[in-house]
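What follows is a set of notes on a single structure, which appears directly below.
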Amino acid sequence: MGINMDYQTLKINHQSAVQRIQIYRPEANNSINSQLIQELLSALQAAEAEEAVKVVILEGLPDVFCTGMDFQEIADGKQVDQKMSSHGYYNILKQMSQCSKVIVSLVRGKVQAGGVGLVAASDIVIADETVTFVLSELLFGLLPACVLPFLIRRIGFQKAYRLALTTQEISASEAYNLGLIDEYGSNTNKLISQYVKRLKYLPSSGVRELKNYINQLWIIQAETQDLAVNKISSLLDDPTVQEKIKRFKNEGIFPWQA
């Protein structure tokens with residue numbers, strides 16, 4: 001089966017009707033680099049092609065779900081095609097919100113920046129009590145450009161705007177009150193199995209129809225992707241922003257401490 005490919009940044013576990021995809025970059029705080037983008041999109045597309053799969057569970061590590069963009073490449077001065085990477089990341093969010101599988105995210109520990117986008121694009125989000133969410137981009141002179149369309153759709157305009165503006169960390173209970181997560185508790189396996197028990201009987205064609213209809217009701221359009229990608233790419237090309245990222249990565253100095 002295509003879903004058993006050998007991934008470097010993911011761990012894949014197939015159970016009856018359920019495909020588990022674990023983001024696995026413990027050496028880099030489960031941050032998103034170009035390889036993870038390619039592999040995650042590939043894994044989601046492979047799961048989509050498997051008729052037996054009804055539910056995809058996306059998870060990270062026990063102490064960190066995903067910390068967003070890997071700044072290491074920028075800090076090392078590597079030439080990265082930011083536009084291509086941003087398109088790839090946005091395509092993951094699009095795949096999650098349009099595919100015929102139910103995407104359930106299991107989130108524990110830190111969820112930062114682009115990690116919040118993965119959560120926002122999920123159909124169901126289950127968390128444990130250790131989870132924290134933060135959109136930290138503005139501190140570096142960046143914007144959560146690709147995240148915001150999906151976050152606004154999930155929690156509403158003002159709540160998403162406030163998270164982006166304040167760069168404030170929120171807890172599981174706050175995230176639940178905002179609607180960013182659907183359930184949280186200490187026994188996440190029990191919470192997930194309660195959902196899977198019902199979701200695995202849904203026809204995939206019906207799930208796709210529902211998602212397509214929901215997508216047509218909402219204002220995310222083809223142009224939204226170009227707007228988001230162009231915005232984040234131009235900001236990442238800014239030497240001032242790059243300097244802030246380098247200082248943070250190399251010296252551990254946040255922009256406001258400089």
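Index from 1, following the sequence.
Classification of Asp226 and Lys231 as a salt-bridged pair fails, no side-chain N sitting under 4.0 Å from a carboxylate O. With respect to the salt-bridge test (charged N to carboxylate O, under 4.0 angstrom), the residues Glu50 and Lys101 do not qualify.
Of the candidates Gln45, Lys211, Arg208, Cys99 forms a side chain to side chain contact (heavy atoms under 4.5 Å, CB included) with just one, namely Lys211. The side chain to side chain contact (heavy atoms under 4.5 Å, CB included) test with Leu58 is passed by exactly one of Ile92, Val125, Leu40, Leu44: Leu40.
Geometric assessment of Lys244 against the ring of Phe140 yields a negative cation-pi assignment under the 6.0 Å and 45° thresholds.
With rounding to the nearest 0.5 Å, the separation of CD1 in Ile57 from CZ in Arg20 is 4.5 Å. Here Ser34 contributes atom OG and Met69 contributes atom CE; the two are 11.5 Å apart, rounded to the nearest 0.5 Å. In this structure, the separation between OH on Tyr24 and CG on Leu61 is 7.0 Å, given to the nearest 0.5 Å. Between the CG atom of Leu163 and the CD atom of Glu169 there is a distance of 11.5 Å, given to the nearest 0.5 Å. In this structure, OG on Ser100 lies 12.0 Å from CG on Leu210, to the nearest 0.5 angstrom. Going from atom CG of Leu180 over to atom CD1 of Ile170 covers 5.5 Å, rounded to the nearest 0.5 Å.
Here the closest non-hydrogen pair linking Cys66 and Ile23 is CB-CD1, 4.4 Å.
The backbone N or O of Phe65 sits less than 3.5 Å from a side-chain atom of Asn30, completing a donor-acceptor pair. Remark: the backbone N or O of Ser97 is paired with a side-chain donor or acceptor of Asn215 at under 3.5 angstrom. A donor-acceptor distance shorter than 3.5 angstrom exists from the side chain of Ser193 to the backbone of Lys190, with no hydrogens or angles considered. At least one donor-acceptor pair under 3.5 Å links the side chain of Ser122 to the backbone N or O of Leu118. When atom types are taken as modelled, the side chain of Asn29 and the backbone of Ser31 share no donor-acceptor pair closer than 3.5 angstrom. Proximity of a side-chain donor or acceptor of Glu183 to a complementary backbone N or O of Ile126 within less than 3.5 Å is not detected. Of the possible donor and acceptor atoms, one in the side chain of Glu39 sits under 3.5 Å from a partner among the backbone N and O of Gln8.
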Any chance you could lay out the salt bridge (Lys or Arg N to Asp or Glu O under 4.0 Å) test for Asp182 and Arg154, step after step, and finish with the verdict? CA-CA 11 Å; Asp182 298 297; Arg154 180 168 254 276; 3.3 Å; yes
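Using a 4.5 Å heavy-atom cutoff, the side chains of Tyr7 and Ile12 are in contact. In this structure, Leu10 and Leu36 have side chains that are in contact, with non-hydrogen atoms separated by less than 4.5 Å. Considering only heavy atoms from C-beta on, Tyr89 comes within 4.5 Å of Ile32 through its side chain. Side-chain contact between Leu236 and Leu142 is present, with heavy atoms from C-beta onward closer than 4.5 Å.
No more than 12 heavy atoms of other residues, nucleotides or ligands lie within 6.0 Å of CD in Glu51, so this atom counts as exposed by the packing criterion. Annotation: Tyr195, atom OH; neighbour count of heavy atoms from other residues, nucleotides and ligands within 6.0 Å is above 12. More than 12 heavy atoms of other residues, nucleotides or ligands sit less than 6.0 Å from atom NZ of Lys246. By the 6.0 Å contact criterion, CD on Gln72 is enclosed, its count of non-hydrogen atoms from other residues, nucleotides or ligands being greater than 12.
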